[in-house]
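First the structure, in the form of structure tokens, and then the observations on it.
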Amino acid sequence: MKTFEELGVCEEIRKAIEEMGFVQPMPVQEEVIPYLLGNNNDVIALAQTGTGKTAAFGIPVLQRIAEIPHPQMGEIGRGLPHALILAPTRELCLQIADDMRDFAKYLDGIHIEAVYGGASIEQQIRALRKGVQIIVATPGRLIDLMKRGVAQLDDVHNVVLDEADEMLNMGFSESIDAILEGVPEDRNTLLFSATMSREIERIAKGYLHNYKEIVVGSRNEGAEHVNHIYYMVNAKDKYLALKRLVDYYPRIFAIIFCRTKIETQEVADKLIRDGYNAESLHGDLSQQQRDLTMQKFRQHTVQLLVATDVAARGLDVDDLTHVINYGLPDDIENYTHRSGRTGRAGKKGTSLSIVHSREKHKIRNIEKEIGKQFEQGTIPSAEEICKKQLYKVMDQIVKSDVDEEQIAPFMQDISRYFEYIDKDDLIKKIVSLEFGKFLAYYADAPEIEPVSSKKEERGEKRERGKREKGQSFTASKGYRKLFINLGKKDGFYPGELMQFLNKNVRGHVEVGHIDLLTTIAYFEVPEEDVQRVIKYVNGQQYKGREVRCNDAEETVGRPAPKGKPSRVSRDSRTSRESRPSRPARAPKKEAKTYQKDEWMQFLNPNSMKTKGEKKKAKELKGEIPDFSEEGWAVCFMHCFARLLFRVYFL
């Protein structure tokens with residue numbers, strides 16, 4: 001393995017990163033740093049989460065700027081920016097800026113500024129007017145600053161898109177286009193991410209010229225040092241299972257991922273109410289609240305962070321022991337980024353997933369994508385949890401530091417107070433004082449019913465059937481699932497959907513699960529917003545195509561109106577139309593109907609009209625029976641007499 005010096009990193013940066021604990025370069029740094037220092041080509045770099053991608057692009061960008069002669073860095077103030085780094089979230093934007101400042105600690109004349117929404121724009125304007133060399137920004141706020149004439153990008157020759165796939169998924173493609181229009185054409189564009197689907201990669205390559213793709217490991221591969229465990233429970237027991245897992249790991253320091261902002265806040269509120277040290281992180285919080293939450297979490301004063309995928313994207317927190325998936329994400333790439341929050345920089349980590357039977361198919365899909373096997377775990381029993389917590393209490397008591405000087409004046413009173421208490425009783429009381437809440441809770445804790453294998457199979461079949469029919473998920477409580485006739489083929493991703501709704505629907509709309517297919521998509525909205533969304537979306541234009549939106553349940557379940565084929569079956573209809581036509585079948589002959597008295601002709605050959613009918617009638621053997629009323633009576637009596645004879649004499 002090479003050293004940073006062998007990679008060509010300058011002495012000033014080496015000194016800074018050594019103080020940060022960098023000893024040897026990570027694989028992605030070993031591949032990317034020398035290439036960026038020696039070439040001006042564009043780059044797509046894909047590597048596992050937690051492998052040092054920020055240093056991989058940050059060090060070469062800083063060194064390039066440091067090598068620029070000072071007069072070219074601007075004569076007024078600190079100069080104009082020479083590098084631009086775009087990130088999808090505010091938290092990641094701040095994290096990158098902090099890392100870049102650490103790398104540039106011993107470089108003179110390089111100033112870095114983070115600009116992002118939710119913070120004072122006036123303060124950011126003042127900082128940019130003083131002059132900066134590197135801007136780290138979220139796309140929306142940077143466009144605001146460009147429109148005000150404050151962010152001047154004429155001298156920017158290095159553009160980095162960190163977590164590029166997430167920015168494009170969030171619908172920032174138009175914003176990125178607008179930003180790059182203000183950057184010189186001879187720039188270097190660098191795209192970094194842990195995952196990138198083929199559809200997103202196709203869009204991303206539109207920003208690159210003469211690029212090199214650097215892949216460390218396998219595409220979309222999961223973090224190397226992370227164990228993956230899933231627990232199968234009934235949907236109603238998910239929160240109880242979460243509590244048991246948290247209790248079973250007394251020293252847990254974890255991020256709990258939820259799929260929606262509402263679910264995130266609900267889970268955090270429940271944990272806080274039940275006495276856990278937890279906070280929430282999602283887009284509905286103010287920037288001040290988010291900054292404070294992240295500060296407390298980084299300082300380990302908060303033990304559990306309940307977050308959405310977007311809010312926690314790219315976060316790097318030291319010593320994170322676990323990631324808990326409170327349900328699996330709809331996109332496999334999101335699972336890769338979730339699990340990559342732990343097991344970073346060569347450390348071990350664990351990703352726990354609480355799933356119900358309808359999500360079992362996702363486990364297999366994720367395994368194929370990340371190249372890692374899941375282990376099926378068993379929810380810890382009350383006895384196992386109590387033992388773990390008891391050992392934690394005993395360990396805390398034994399390892400407690402005692403300040404002899406401070407406690408000495410009180411020891412005489414303490415000894416006299418406990419003089420008549422037996423040593424064993426005293427130990428029991430001390431342990432019970434710390435341990436009592438777990439004993440009290442788990443003495444009457446509700447049992448978590450195991451999911452039977454038959455029930456799992458039924459759930460899988462049900463989900464498989466729904467997916468085949470286009471019903472990819474069941475709407476959450478309080479939500480309705482809507483259908484829209486746009487999909488991945490139209491470049492319609494979650495971010496594009498959000499932008500489309502914000503642009504066309506009056507008022508705020510909360511969006512739940514989103515499931516994108518090739519030519520159509522499904523998404524959830526609150527039940528009270530269904531008619532409003534359908535009203536404003538139906539008939540709109542998207543890239544020259546008329547948009548149709550309606551209730552997904554009605555779309556799948558009802559027959560198409562006369563003259564209007566069902567929208568859901570449009571793809572299948574198109575494929576049927578493209579098949580070669582079959583030869584037409586001969587029309588069926590209508591069956592001849594007979595009148596009431598015409599049945600006799602089948603028994604009387606003389607009454608047959610055609611030769612064929614007479615031939616069939618002649619094949620009948622014996623005499624033609626008498627079917628008159630008297631004939632029926634004689635026949636009945638004859639049969640009845642034979643029956644009596646068999647009963648009594650045989």
Side-chain angles (χ1 to χ4, degrees), residues 44 46 88 161 164-177 191 193 195-208 213 219-220 309 329-336 361-362 365 368-369 463-464 466-473 481-505 511-525 533-534 536-552 554-556 560 564-579:
I44 291 180
L46 302 178
L161 306 183
D165 62 322
E166 181 65 10
M167 278 194 284
L168 296 173
N169 261 328
M170 292 169 67
F172 283 132
S173 56
E174 291 182 6
S175 300
I176 293 171
D177 291 341
L191 270 63
S193 185
T195 61
M196 191 168 292
S197 66
R198 294 295 180 185
E199 292 89 350
I200 292 295
E201 184 179 7
R202 179 173 51 81
I203 298 171
K205 286 179 179 177
Y207 301 116
L208 305 175
E213 183 173 310
R219 290 181 64 95
N220 302 335
D309 289 301
D330 294 323
D331 292 333
I332 295 175
E333 288 84 1
N334 279 342
Y335 179 85
T336 305
H361 69 278
K362 291 183 180 179
N365 294 340
K368 291 177 184 176
E369 186 71 22
E463 283 301 303
R464 190 159 53 245
K466 286 183 179 181
R467 290 196 302 278
E468 288 170 359
K469 295 176 183 176
Q471 293 175 290
S472 51
F473 61 84
K481 185 169 67 170
L482 298 184
F483 160 87
I484 191 168
N485 64 333
L486 298 170
K488 294 179 181 178
K489 216 169 185 178
D490 306 296
F492 198 68
Y493 295 95
E496 302 289 342
L497 171 63
M498 298 301 297
Q499 282 195 347
F500 187 77
L501 293 177
N502 291 336
K503 180 181 177 181
N504 295 294
V505 180
V511 177
H513 296 179
I514 299 172
D515 190 22
L516 292 170
L517 304 178
T518 306
T519 56
I520 60 174
Y522 297 96
F523 62 98
E524 286 182 345
V525 297
V533 171
I534 291 174
Y536 289 110
V537 170
N538 245 334
Q540 296 292 341
Q541 294 289 320
Y542 182 80
K543 295 182 179 179
R545 184 175 173 187
E546 187 176 358
V547 177
R548 295 296 177 198
C549 177
N550 54 14
D551 192 308
E554 294 179 9
T555 304
V556 173
K564 293 184 179 180
S566 167
R567 295 188 189 103
V568 169
S569 61
R570 183 176 298 158
D571 293 340
S572 58
R573 188 186 69 238
T574 305
S575 62
R576 285 199 301 271
E577 288 172 355
S578 62
R579 295 174 190 163

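- Between Met167 atom CE and Ile176 atom CD1 the span is 5.0 Å, to the nearest 0.5 Å.
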Would you sort out whether Asp490 and Lys543 count as a salt bridge (Lys or Arg N to Asp or Glu O under 4.0 Å), showing the intermediate values?
CA-CA 8 Å; Asp490 306 296; Lys543 295 182 179 179; over 6 Å; no

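- Taking 4.5 Å as the limit, every side-chain heavy atom of Lys488 sits out of range of all side-chain heavy atoms of Thr518.
- For Asn504, there are no side-chain hydrogen bond (donor to acceptor under 3.5 Å, both in side chains) partners at least two apart in sequence or on another chain.
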Should Glu174 and Gln499 be marked as a side chain to side chain contact (heavy atoms under 4.5 Å, CB included) after you check the CA-CA gap, both sets of side-chain angles, and the distance that decides it?
CA-CA 10 Å; Glu174 291 182 6; Gln499 282 195 347; 4.3 Å; yes

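- Taking all atoms of both residues into account, the shortest heavy-atom contact from Gln541 to Val547 is C-CG2, 4.3 Å.
- The distance from the CG atom of Asn334 to the CG atom of Asp309 is 4.0 Å, given to the nearest 0.5 Å.
- In this structure, CD1 in Ile514 is found 11.5 Å from CG in Leu482, a value given to the nearest 0.5 Å.
- Of all heavy-atom pairs between Tyr542 and Glu496, the closest is OH-OE1, 3.6 Å.
- Phe523 places a side-chain heavy atom less than 4.5 Å from the side chain of Val533.
- Met498 is listed as a side-chain neighbour of Val511, based on a closest heavy-atom distance under 4.5 Å.
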Could you go step by step and tell me if Ile484 and Tyr522 meet the side chain to side chain contact (heavy atoms under 4.5 Å, CB included) rule?
CA-CA 6 Å; Ile484 191 168; Tyr522 297 96; over 6 Å; no

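- Nearest heavy-atom pair across Cys549 and Ile534 is O-CG2, 3.5 Å.
- To the nearest 0.5 Å, atom CD of residue Glu524 and atom NE2 of residue His513 are 5.0 Å apart.
- Here the OH-CZ distance, from Tyr536 to Phe500, works out to 14.0 Å after rounding to the nearest 0.5 Å.
- Between Leu516 and Phe492 the shortest heavy-atom distance is CD2-O, 3.3 Å.
- When all heavy atoms are compared, the tightest approach of Asn538 to Arg548 is OD1-CA, 3.3 Å.
- Note that the CG atom of Leu486 and the CG atom of Leu517 stand 12.0 Å from one another [nearest 0.5 Å].
- Using a 4.5 Å heavy-atom cutoff, the side chains of Phe483 and Asp551 are not in contact.
- By the side-chain hydrogen bond (donor to acceptor under 3.5 Å, both in side chains) test, Asp177 is found to be paired with Tyr207, residues two or more places apart in sequence or in another chain being considered.
- When atom types are taken as modelled, the side chain of Asn485 and the backbone of Ala521 share no donor-acceptor pair closer than 3.5 angstrom.
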